[in-house]
Amino acid sequence: EAKIIKVDKQNIDPEVMRQAGSIIRMGGLVAFPTETVYGLGADARQKDAAARIYAAKGRPSDNPLIVHIAEFQALRAIVSEVPEKAVRLAETFWPGPLTMILNKNQEIPYETTGGLDTVAVRMPDHPVALTLIREGGGYIAAPSANTSGRPSPTMAEHVMEDLGDKIELIIDGGPVGIGIESTIVDMTVEPPMILRPGYINRDMLEAVIGTVEEDKSLLGDDPDIKPKAPGMKYRHYAPKADMMIVEGSEAAVIAKINELIRKDKSAKIGVIATDETKARYIGADVKSIGSRREEISISRNLYRILREFDREEVSSIYSEAFELPELGQAVMNRLLKAAGYHVINVKNEIKLRNYR
Ligand code: TXA
Ligand code: MG
C-alpha cells in the first residue's frame, strides 16, 4: 500500500521531498502533483525505471513518456539540438502546460521514449513537482498517474484508487489547477505541429512562433487518420457507462437530453451539465462540471466527474458539448474520446454523427 503524504505547496516540507527524491534516485516510483494532472514519476535516465512505470499503469511499452525538467539547461543536456522556436516557446510558456518533442541524444534511453529517436520534454508549473525533479536528479519521466485507459488523476485520491497497491509514495498536493494534460507540440517538423491539444492553444503558440499546424487526427472525423502521438490512439478516458455527447443550441440540447433520459431504461442515468443548466434536467443524476463563464472550471472538473460516475455505477451518461472559445478543442478532445465519439447534433433536424 502506497504512503500518501500531504505537502502544502506554499510551504513545502524539505525532508519529505528529500525522501521522495531518494526513492526516485534508487529507481522507485513516486506519484506527484503538477498543474495539469498527477504524474507517476521515475528517473528518466534509468532503463528499468521506465519498465516499472509501464508495469504499474498496465501501459503498452510503445507509448513514450514525457521527461519533466526543472531548469532550461536540463533540456540542452538530453536533446541533440534546441531549435530557435523551441527556445522562444520555453521562454514564454515554461514552467507551464506545454510539452515539446525534440530529437533526443544518448542521455535518455529508448525504454523512456518507447523506442523513438525523439523525446517529449516539459517543465511543469508546480512547486512540488519542480522540487521533486531537483531532488530526484533532474529528469523525471512521468505519464499521468492513472491505470491505462482510466481518466487521468486530478486528485491524490484518484492515484490511490488506481495505483495504491503498486507504488511506494503518493505526494498529495491537493486538487490540480488545469485538469487536462499538457499541450504536446512536435518541434522536429516545420512548421511545428500540435499532437495533443491542451490549455496552451494554437493561437497562443502562433503568437510566439508563427504558423503551427495540427495533427489531422485531432479533427476526429476520419478513422483512417492515425494520431502521431502514440498515446493518442488508445481509447483513453473511458468511463464504464455508455456515453453520448449532445451538441446544438442550449435549449435544443436540454430538450434532447431530457427526451433521451425519458426513453432510457437504465437503472442509473448521469448527466454532465453546467452551473447554468443543471437545474433543467429531470430524472437523472445531474453533475455540474463548472460554469461556461469560467472555462478553466470545466477542464478542472472533467476527469473527477467521469470517475464519480464510474464509482456510482451509472450505466449511461449524457453530456452537453463544450465549444468554449479557448479551451474548447482541448476539452472536446477528451470528452469525445470518453464518449467513444458518440455525438448527437441537434440543430434543426436530428443527425447522428460518428466522429470516428
Ligand atoms: O500534462 C501532462 O503532460 C501529464 C503530466 C503528468 O505532466 N503527463 C502526461 O503523460 O499526460 P502521458 O504519458 O499520459 O501522455 C504522454 C503523451 C502520450 O500520448 C505519448 O504518446 C506522447 O505524449 N509522447 C511522448 N513522447 C512522444 C514522442 N517522442 N513523440 C510523440 N509523442 C510522444
Ligand atoms: Mg495519460
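Remember, it's 1-based here, ligands and their atoms both numbered in the order they're listed.
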Q: Of the options Arg307, Arg300, Glu308, which is the one that meets Arg304 in a side chain to side chain contact (heavy atoms under 4.5 Å, CB included)?
A: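 With Arg304 as partner, Arg307, Arg300, Glu308 yield a single side chain to side chain contact (heavy atoms under 4.5 Å, CB included), made by Glu308.
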Q: Just distances here: any N/O of Thr36 and N/O of ligand 1 closer than 3.5 Å?
A: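 N/O-N/O distance under 3.5 Å: yes.
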Q: Examine ligand 1 and decide if any of its atoms is less than 4.0 Å from a heavy atom belonging to Lys104.
A: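 Heavy atoms of Lys104 never come under 4.0 Å of ligand 1.
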Q: Report, in ascending order of atom number, the atoms of ligand 1 lying under 4.0 Å from any heavy atom of Ile184.
A: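 Ligand 1 atoms under the 4.0 Å threshold to Ile184: 17 (C), 22 (C), 23 (O).
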Q: For residues Ile178 and Val176: do they belong to one hydrophobic cluster (side chain heavy atoms under 4.5 Å, members Ile, Leu, Val, Met, Phe, Trp, Tyr)?
A: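 No, it is not one cluster - the side chains of Ile178 and Val176 are not joined through contacts under 4.5 Å.
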Q: Which of the atoms of ligand 1 are close to His68, meaning less than 4.0 Å from one of its heavy atoms?
A: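 Listed by number with element, the hits are 5 (C), 6 (C), 7 (O).
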Q: Just which atoms of ligand 1 are under 4.0 Å from any heavy atom in Ser144?
A: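 Once the distances to Ser144 are compared, the set is 8 (N), 9 (C), 10 (O), 12 (P), 14 (O).
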Q: Please tell me whether Glu320 and Thr277 have a donor and an acceptor in their side chains that are separated by less than 3.5 angstrom.
A: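 Judged by distance alone, the side chains do pair up.
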Q: Between Tyr318 and Asp264, is there a side-chain donor-acceptor contact under 3.5 Å, judged purely by atom types and distance?
A: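 Note: Asp264 and Tyr318 side chains meet the donor-acceptor criterion.
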Q: Would you say Ser144 has an N, O or S atom lying under 2.8 Å from the Mg ion (ligand 2)?
A: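 Yes, since at least one N, O or S atom of Ser144 sits under 2.8 Å from the Mg ion (ligand 2).
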Q: Could you walk me through whether Val346 and Val246 satisfy the side-chain contact (heavy atoms from CB on, under 4.5 Å) test, starting with their C-alpha distance in whole Å, then the side-chain angles of each, then the deciding distance to 0.1 Å, before giving a yes or no?
A: CA-CA 7 Å; Val346 272; Val246 182; 3.7 Å; yes
Q: Test of understanding: given a 4.0 Å heavy-atom threshold, classify the contact between Asn63 and ligand 1 as side chain, backbone, both, or neither.
A: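 Only the side chain of Asn63 comes within reach of ligand 1.
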Q: Does either side chain, that of Thr274 or that of Ser288, offer a donor lying less than 3.5 Å from an acceptor on the other one?
A: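 No - no donor-acceptor pair under 3.5 Å links their side chains.
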Q: Which of these, His68, Arg122, Glu181, sits in a side-chain hydrogen bond (donor to acceptor under 3.5 Å, both in side chains) with Thr34?
A: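 Exactly one pass, corresponding to Arg122.
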Q: Heavy-atom contact under 4.0 Å between Ile66 and ligand 1?
A: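 Right, Ile66 reaches ligand 1.
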Q: Checking Asn103 against Thr188: is there a side-chain donor and acceptor pair closer than 3.5 Å?
A: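 No, no side-chain donor-acceptor contact under 3.5 Å.
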Q: Do we see a donor-acceptor contact under 3.5 Å between the side chains of Ser291 and Glu276?
A: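 Ser291 vs Glu276: donor-acceptor pair found between side chains.
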Q: Under a plain distance cut-off of 3.5 Å, with no hydrogens placed, do Asn63 and Tyr54 share a side-chain donor-acceptor pair?
A: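 Looking only at side-chain atoms, Asn63 and Tyr54 do not form any donor-acceptor pair under 3.5 Å.
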Q: Return the option from Pro33, Pro143, Pro153, Pro230 holding the heavy atom at the smallest distance from atom 32 (N) of ligand 1.
A: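 When every heavy atom of Pro33, Pro143, Pro153, Pro230 is considered, Pro230 comes closest to atom 32 (N) of ligand 1.
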Q: Could you list which atoms of ligand 1 come closer than 4.0 Å to a heavy atom of Leu116?
A: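 It comes down to these atoms of ligand 1: 28 (C), 29 (N), 30 (N).
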Q: Heavy-atom pairs closer than 4.0 Å: do any link ligand 1 to the side chain of Arg59, the backbone, both, or neither?
A: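 Looking at Arg59 and ligand 1, just side chain atoms fall under 4.0 Å.
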Q: Lys57 to ligand 1: N or O pair under 3.5 Å?
A: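 By distance alone, the answer is no.
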Q: Just jot down the ligand 1 atoms closer than 4.0 angstrom to any heavy atom of Ala120, in number order.
A: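 Near Ala120, meaning under 4.0 Å from one of its heavy atoms, ligand 1 has 25 (C), 26 (N), 27 (C).
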Q: Which atoms of ligand 1 sit under 4.0 Å from any heavy atom of Ser182?
A: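 So the answer, numbered in order with elements, is 1 (O), 2 (C), 3 (O).
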Q: Mark up the atoms of ligand 1 that fall under 4.0 Å of a heavy atom belonging to Thr118, in ascending order.
A: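 So the atoms of ligand 1 that pass are 28 (C), 29 (N), 30 (N).
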Q: Is it true that Ala142 lies under 4.0 Å from ligand 1, counting heavy atoms only?
A: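 In this structure, Ala142 qualifies as a contact of ligand 1 - some heavy atom is under 4.0 Å.
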